[in-house]
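Chain A is the first sequence line, chain B the second, and so forth, proteins listed ahead of strands; every chain is numbered from 1.
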Amino acid sequence: MEFPKAYDPAEVERRWYAFWEARGVFRAEDGAEDKRPTYVVHMPPPNVTGSLHIGHALQCSWQDALIRWHRMRGFNTLWQPGIDHAGIATQLVVERLLLREGKTRHEVGREEFTKRIWKWKEEKGGRIAEQQRVIGSTADWARSKFTMDSSMTNAVTEAFVQLFDQGLMYRATRLINWCPECQSALSDLEVETEEGANGELFEFAYLVEGSDERLVVATTRPETMLGDTAVAIHPDDPRYTHLHGKRLVHPFMDRTIPIVTDAILVDMKFGTGAVKVTPAHDFNDFATGKRNGLDEINILNKDGTLNENAGPFAGLDRKRARTAVKKALEEKGLAVGSKPHRLNIPRCGRSGGVVEPMISTQWFLKMDSMAKSAVDAVKTGKTEIIPADWSKTYFHFLENIQDWCVSRQLWWGHQIPAWYGPNGEVRVARSRPLECGEGWTQDPDVLDTWFSSALWPFSTLGWPDKTAALDKFYPSSDLETGYDILFFWVARMMMMGLHFMKEVPFKRVILSGIVVDETGEKMSKVKGNGVDPLDLIYGATFKEVVAKTMPDTPEAEALTRFKKAYPSTAQMGEGFPAFGADAVRMTLLTFPPSNRRIALAPKRIEGYRFFANKMWNATKYSMEHLADTKIDPDAKTPEATMLANRWILSRLDRAAKIANDGMTNVRFDETANELYRFFWTDVCDWYLELSKITFFHGTEDERKETRAVLGFVLERSLRLLHPLMPYVTEELWQRLCFPDTPLGESWATLALRAYPEGGEGDAAVEKEVDLLQKVIGAARTIRSEHDIKWVVEIPVVIRSENATALESLRRNVSWFTSLTKSKGTPVIETSGARINGAVAAIVPTDAGAVEVHIELRGLVTKDEELTRIDREKKRLEKDLAAVTKKLGSPGFVDRAPKEVIEEAHQQKASMENALTRLAEARSFADEL
RNA sequence: AGGCGCGUAGCUCAGUGGUAGAGCACUACCUUGACACGGUAGGGGUCCCCGGUUCGAAACCGGGCGCGCCUACCA
């Protein structure tokens, strides 16, 4: 089989996704006869309007790593995918399309409009699922659900009816958040506050009835005065005692309004101490109205224009009305003035329009008892939130929760299963009740999209039917999602799951952070600092990137802004190369999951592409030397007698342990970093180099053992890395294990091999090798410091009083010779004559230093050597001073643990010994 | 205003009581039979500041400064 010199992710990755799919790797088994333990993850269903962004890529990487890891460990894994119908977002998209035809949804009608949305969905919607495949997600796509599927609608209806029958779902008239742009009610959570907006505080006066006295109030929304039904003062405010019980004249309406006293609303110290009260358009005022029995006058139409209650201002839109009211007040001499004021503006999370509190009749879901259960489930540990810090936020939300306004005045969504009769009757049922004939109409409103999402962990499995899948896969194991939807989704699933299934929907909640740009700024369309993961996977020029993210900005400026957001791209030329999905995944996995912000540096991704190339070439090398050795993936750990082989097997064992621990503890970064380190440093830098000694100079027996170990280590390394970097590992595994089968045609797949468990390794072997590495390192440092060319072979003498070390060095002298290019065989001795004109490196050990003397006469100058020794000396002295101080400090010897003291003594002795040797070496420098 | 989080090498980040770590970037040398998407070696840090606990603090506690996010908001 051809083995190109460099790894090409684009060529390789393309090959494997369909391969896995064809082998049924992703499938979960419903059947009761399948006795494997289950592992279930629900993928947060992305919006049907959405396309893959880097946040999805992060979550896919995490979830796929968890899923693949469990699958390899023999779990019956279900990764449940799906798509969310995203009520408002989708409706807005299709409305915008209609607008291009010059039509509104009201003109085409509800039925036609809904048809159009479905058509749009079939053509354009849900493309994200294809993109999720690109990054390697092994979800069970055959089970994918759309929240508007009939089975989902069935579940939503059932849930609604049950909740209504239980008295938890009710209809009420109250002040709610209204988005005039969407013309719909919103839940509290869908309102986003724009902080610190520049506005003004406008002051005007009401005249006291029957006098000339003026009472000055202030407002940031002057037009709301049209709905004022009182002015409140503090009962204890001496300035206004004489006004108690008086009334004020409304300047534009034919009414007077009372002056009420209210200690809750009014802060005497703020402003004039008098507050206008608009119960129908302000949450605080609404409560004040209830306390004081005030009228509630709604002055707004659903589209945000003023209604007939606004008298002369009726018909104006909010903004114009504000100007008009101010002007009219000025004309009447009632305006007092205005000053700049910073305020927070509530905006609709979807449309961005300014939200207006408005009195309206809506459906609400009672939250208190369900919220309590959801709190208890976490407090009692039935569900664990990771990182645990988030529990506090979760509790705070649920302990202060308001009833959930679930009805939306949209056309796209699950229509509320309530019918209203001609005489005000209300019927809630699974389908239109027979008695609801002539004169009855179904509630036109739909349910909040999050209501259907809240049922997801069981609705996707067939609820309310008792299905095999529901039986087997509820509750799920882990839920992994961004912390930004902790309230929207996670908390609500908890409540619904506990309510309907009497059991928590998931055992662990893993909350991920937000991917931000390289400088830590949140990615946003406005800033244009987003990155499309597909551009990273497939490659793209920076011009192409900014054309997408900042389409309205001139190219040069856009490029400047882009480079500012991603400084590391300065070293990348004209664009991103194709990093490949593996590199993108690996990068995202190396951030600790507890990080709230994940600053994506493209340069870092490059590093993992290089890592894939390293794996590629290590495999290439191995296969060249394995010759006809058949790699049996089922082989047990081979017997090893040679130190290098025993060592790498030990390291493999420990790396596997660390990898598993990381996955268990949701520390993917620890898994990823250890496997990276293990493969690059232990396998490539040391083991492959050592294996060359055997392959080129060893006996046939040695070669045979080394081939077996090399093949084994490589095969297991690929397994270990597979959940993180599935593509390159599958490719290399196929090449390694089935060299005669054309790629993509074998039946076996790495995705279904057992994940190595690992263990503690062999400490004695690792300690021995550690010393050899240090001695080799010391010799290399000398070479490098003195600029000795690689091809120059140099005589070496090694001396030490450490008998164990000497013995090991003698046995493994070829390591030293080969890896330091020393001449002939180094002389290894306890003491005795040293080479004239040699420089020495000192390696401290716990049984006397190892000295490495290298003959460099004629190759270096005395000064160079003195510089080197002095630097070494300085370093040792610094460390020695630290440990000496520690040992001398009062209390340390008395109070520190025995082993710590012992260690300190040993360090001291070893450094002192090394310093003595170094001083000797210094005197030798004269001979150079 | 409250809550939460963060501040460690030029950059992105690990490290949670025992002599400061990784990757990238940087410097020098090297095309050595897997890999220049590479190798070998090296330089670089008052661990934000101030107190306290401790024999010992980057880590634990208190206070401050700076940054970010969330919740609630004064008309």
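Tyr676(A) and Phe611(A) have tilted rings, their planes meeting at an angle from 30° to 60° on a 0 to 90° scale.
Both cation-pi conditions hold for Arg780(A) and Trp686(A): the charged atom is under 6.0 angstrom from the six-membered ring centre and inside a 45 degree cone around its axis.
Contact check for Leu721(A) versus Met615(A): side-chain heavy atoms found under the 4.5 Å cut-off. Looking at heavy atoms from C-beta onward, Lys692(A) lies out of side-chain contact with Tyr687(A) at the 4.5 angstrom threshold. Proximity of Glu192(A) to Pro346(A): side-chain heavy atoms (C-beta onward) are nowhere separated by under 4.5 Å.
Under 4.0 angstrom from either OP1 or OP2 of rG2(B) there lies no side-chain N or O belonging to His396(A).
At a non-hydrogen distance threshold of 4.0 Å, Val900(A), Gln907(A) from residues 899-915 of chain A come into contact with RNA chain B.
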What are the atom names and distances for every N/O pair under 3.5 Å that joins the protein to nucleotides 11-13 of chain B?
residue, atom, partner, partner atom, Å
rU12(B), O2', Arg604(A), NH1, 3.2
rU12(B), O2, Arg604(A), NH1, 3.4
rC13(B), OP1, Ala599(A), N, 3.3
rC13(B), O3', Asn595(A), ND2, 3.3

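If you check every strand for non-hydrogen atoms under 4.0 Å, Asp787(A) touches sugar and phosphate atoms only. At the heavy-atom level, Leu265(A) lies under 4.0 Å from base atoms of the strands shown. Residue Val883(A) is out of contact with every strand shown, counting any heavy-atom pair closer than 4.0 Å. Using a 4.0 Å heavy-atom cutoff across all strands shown, Thr393(A) reaches no nucleic acid atom at all.
Counting non-hydrogen atoms of other residues, nucleotides and ligands closer than 6.0 Å to NE2 of His396(A) gives a total of 12 or fewer. No more than 12 heavy atoms of other residues, nucleotides or ligands shown are found within 6.0 angstrom of CD on Gln402(A).
Just one residue in the list Lys527(A), Arg597(A), Lys564(A) forms a side chain to side chain contact (heavy atoms under 4.5 Å, CB included) with Glu521(A), and that residue is Lys527(A).
Nucleotide rG51(B) has rC61(B) as its partner under the Watson-Crick or G-U criteria, with both atom distances under 3.5 Å. With a cut-off of 3.5 Å on both Watson-Crick or G-U wobble distances, the partner of rA75(B) is given as none. Base-pair partner of rG5(B): rC67(B) (Watson-Crick or G-U wobble, both distances under 3.5 Å). rG33(B) makes up no base pair with any nucleotide shown, lacking Watson-Crick or G-U wobble contacts both under 3.5 Å. Pair assignment for rC13(B) gives rG21(B), based on Watson-Crick or G-U wobble hydrogen-bonding distances that are each under 3.5 Å. The partner of rA28(B) is rU40(B), judged by Watson-Crick or G-U wobble contacts that both fall below 3.5 Å. Nucleotide rG56(B) has no partner under the Watson-Crick or G-U criteria, as no pair reaches both atom distances under 3.5 Å.
Summary of the strand contacts: Asp188(A) and Arg221(A) both lie near RNA chain B, and taking for each the nucleotide with the nearest heavy atom, the more 5' one is attributed to Asp188(A).
Ring-centre distance between Phe270(A) and His234(A): not below the 6.0 Å cut-off.
If you take CG of Asp237(A) and P of rC74(B), they are 19 Å apart, rounded to a whole angstrom. The distance between atom CG of Leu189(A) and atom P of rC70(B), rounded to the nearest whole Å, is 13 Å. Distance CG (Asp484(A)) to P (rG68(B)): 18 Å, rounded to an integer number of Å.
The shortest heavy-atom contact between Asp282(A) and Asn284(A) is OD1-N, 2.9 Å.
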> If the sugar-phosphate is the primed atoms plus P, OP1 and OP2 and the base is the rest, what is the B/S/- string for nucleotides 33-42 of chain B, using protein heavy atoms under 4.0 Å?
Replying inline: BBBSBSSSSS

